Amino acid sequence: MTAMTDDSKQGLLRREYLKRAGAAGAAGAAGLAGCMGGGGGSEVDSLILGIWGGSWQETMIEAVCNDYEGDTGITLEYVVGDNTDRFNRLIAQRSDPPVDVSQQDGAGLVRGENEDLWLELDEEIVPRIAEVPSQFKSDYWTLQIFAASALLYNTETMDSPPESWDAYLNPEYQGRVGLFTQDPTHDLLAFALHQTDGEDPTAMDQAFEMYEEVVAEMDPVYITSSDEYGNRWQNGELDVARYWSARAASWGEEGPVGFAIPSAGAFTTNFGNAIPKNIPEEKVEAAGDFINYTLQQDGAQVIAEQMYYTNPVPGIEYPEGVQDKLIQEADLENLRVPPFDFIAENRSDWQQRVQEIIDEYS
């Protein structure tokens with residue numbers, strides 16, 4: 001494991017981002033030229049992409065895939081599924097990978113690195129990786145988008161954004177706080193930050209104390225999918241929750257929801273790309289070119305417009321009316337990249353422990 005470890009000093013992400021932004025201004029033209037590299041001149045006819053389905057796949061096709069196919073002449077094929085299913089297939093077929101590029105969340109990317117699944121990346125394979133801040137990449141993968149695992153709040157029932165995760169325990173909001181039970185990881189990380197005043201995101205015993213208090217006292221709404229979350233916000237059924245800032249920005253177009261970064265801090269939510277080891281050697285260049293396309297301004301703008309995620313390459317200009325719905329430079333002071341190794345090792349145990357707490361009070 002190389003670059004993507006958690007750092008306890010808030011502001012490190014912002015400093016790295018600004019440093020890269022300055023360098024990107026000088027190197028942008030050269031980096032963009034590299035985006036149009038070798039795929040079109042290769043003998044590769046098709047590339048297989050492991051991807052999430054639904055609106056993400058549709059947006060990726062518009063933002064990145066159509067341009068890649070048009071510029072290179074390479075046809076993209078898709079293996080669609082969630083992180084876990086696609087990751088397990090990569091493990092089972094590591095000697096003959098089912099995809100040439102794999103899209104994973106941050107924890108999946110790190111887990112794949114630990115499992116020795118990914119090909120090592122460098123600027124020759126992915127030229128624009130040089131512009132990605134170190135917290136958003138390793139020697140084996142790079143992120144494509146990020147947002148904040150933010151505190152969501154009801155803009156109709158609250159006069160101002162809440163400043164602390166303890167809004168989850170405000171009696172005024174009883175019966176109207178959301179817990180994301182499909183994957184409780186980021187709820188727990190947020191509670192750990194709150195319980196330790198931003199000092200120790202791995203303090204899971206303290207996080208579970210707060211989680212149990214919320215379950216026992218607040219009659220929470222248990223959310224099992226992103227679509228359900230959006231519907232409840234758009235119907236005005238929630239006052240407080242924790243979810244992705246990008247989704248809140250989208251739901252806020254039709255419902256009373258905003259997002260805030262609490263004083264104790266919050267984590268980023270991250271999604272990116274890696275190339276499995278053992279893909280055909282002749283496909284490596286084309287796979288690297290595809291990842292390079294995901295770091296271009298044109299694609300980043302489309303994704304920001306449609307889904308409100310930020311690209312990790314600093315200096316990208318976003319359309320008017322979109323920028324203020326993305327993570328702001330000032331937000332980076334209180335944002336951290338998640339401790340991916342820690343998450344990968346413990347996620348399944350947390351899921352079981354959360355379910356036991358819910359069952360106890362049901």
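This one's a predicted model, so the numbers in the text were calculated from it and none came from an experiment.
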Going by distance alone, is a donor N or O of one side chain under 3.5 Å from an acceptor N or O of the other, for Asp359 and Gln355?
-> yes
Would you call Arg111-Asp105 a salt bridge at under 4.0 Å N-O?
-> no
So if you build clusters from Ile, Leu, Val, Met, Phe, Trp, Tyr with side-chain heavy-atom gaps below 4.5 Å, do Trp165 and Leu169 land together?
-> yes
Would you check if there is a donor-acceptor pair between the side chains of Asp183 and Thr185 at a distance under 3.5 Å?
-> yes
Plane angle bin for Tyr229 and Phe180 - parallel if under 30°, tilted between 30 and 60°, otherwise perpendicular | parallel
Are the side chain of Asn278 and the backbone of Gln93 linked by a donor-acceptor contact shorter than 3.5 Å?
-> no
Approximate separation, where rounding is to 0.5 Å, of Thr142 OG1 and Asn273 CG = 8.0 Å
Pairwise distance OH(Tyr68) to CG(Asn292) - rounded to 0.5 angstrom | 10.5 Å
Counting distance only, does the side-chain N/O of Ser149 pair as donor-acceptor with the main-chain N or O of Tyr243 below 3.5 Å?
-> no
Can you check whether Asp100's main-chain N or O pairs, donor with acceptor, with Lys283's side chain at less than 3.5 Å?
-> no
Is a side-chain donor-acceptor pair under 3.5 Å present for Trp52 with Gln103?
-> no
For Tyr173 and Asn154, does a side-chain donor sit closer than 3.5 Å to a side-chain acceptor?
-> no
Intermediate values then yes/no, side chain to side chain contact (heavy atoms under 4.5 Å, CB included), Tyr168 and His194 | CA-CA 11 Å; Tyr168 259 95; His194 173 71; over 6 Å; no
Does one side chain, of Glu113 or Ser138, offer a donor that lies under 3.5 Å from an acceptor on the other?
-> yes
Output for pair (Phe146 CZ, Thr310 OG1), nearest 0.5 Å, gives 4.5 Å
Counting only heavy atoms not in Gln328, do more than 12 sit closer than 6.0 Å to its CD atom?
-> yes
Are Glu58 and Gln306 close enough that a side-chain donor and a side-chain acceptor fall under 3.5 Å?
-> no
Could you walk me through whether Glu237 and Val221 pass the side chain to side chain contact (heavy atoms under 4.5 Å, CB included) check?
-> CA-CA 9 Å; Glu237 299 175 26; Val221 180; 6.0 Å; no
Check the side chains of Thr268 and Asn270 for a donor-acceptor pair under 3.5 angstrom, ignoring hydrogens and angles.
-> yes
Please determine, by modelled atom types, if Trp56 and Thr59 share a side-chain donor-acceptor pair under 3.5 angstrom.
-> no
